[in-house]
Structure formats: structure tokens, C-alpha cells
Amino acid sequence: MNTIELKSTLHQLIDQINDNAVLQAYTTLLSREATHKADFWDDLTPAQQAKIDKGLADLSAGKKKSLADVLAKYQW
């Protein structure tokens with residue numbers, strides 16, 4: 001589906017909703033998305049991005065650390 005088709009489908013679905021609470025929730029969600037600024041990822045340094053990527057890769061590989069181990073590193 002291209003952008004025009006997606007927007008058309010979204011409009012049709014919204015037209016079928018009669019519950020004001022649901023419509024308000026969607027309005028809030030869409031308003032936030034429409035005014036959404038750049039992704040925080042773009043504000044991270046390459047080193048920070050690499051650490052996050054490594055953490056996600058480790059998690060996917062089943063490698064996990066306990067909360068105590070993580071906190072011990074930072075002496076909490």
C-alpha cells in the first residue's frame with residue numbers, strides 16, 4: 001500500500017468510529033506523531049549508538065547481565 005492508499009484507509013476507518021474517547025485518543029496519538037521531532041537516536045554519539053547496538057545484539061544472542069552486575073559497574 002502506498003501513502004495515498006494508507007491515508008485513505010485511515011480516513012475511512014476514522015469515519016466509522018463514533019466513540020468520542022476513542023477519537024480523542026487517536027487525535028492525541030496522531031498529534032504527537034505529526035509534531036514529532038527528530039529521533040533521539042540521531043542525537044546520540046556514534047559510540048553511544050555502538051554500545052546500544054552491542055547490547056541489543058547480546059540480548060538477541062541470549063547474553064544477559066543481572067541488574068546487580070549492571071549496578072555494581074556504576075557503584076549504585
First locate atom [atom1] of [X], then atom [atom2] of [Y], and finally report the distance between them rounded to the nearest 0.5 Å.
X: L10; Y: Q12; atom1: CG; atom2: CD; value: 9.5 Å
X: L59; Y: K65; atom1: CG; atom2: NZ; value: 12.5 Å
X: K7; Y: N2; atom1: NZ; atom2: CG; value: 10.5 Å
X: K54; Y: D58; atom1: NZ; atom2: CG; value: 3.5 Å
X: D43; Y: F40; atom1: CG; atom2: CZ; value: 9.0 Å

**Prompt:** Linking Ile, Leu, Val, Met, Phe, Trp and Tyr by side-chain heavy atoms under 4.5 Å, what else ends up with M1?
**Reply:**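 Via sub-4.5 Å side-chain contacts, M1 links to L6.
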**Request:** Please list, chain by chain and in numerical order, all residues satisfying side chain to side chain donor-acceptor pair (under 3.5 Å) with T45, sequence neighbours excluded.
**Result:**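 Scan of T45 (side chain to side chain donor-acceptor pair (under 3.5 Å), adjacent residues dropped) gives Q48.
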**Item:** Short side-chain to backbone donor-acceptor contact, S8 and I4, under 3.5 Å
**Value:** no
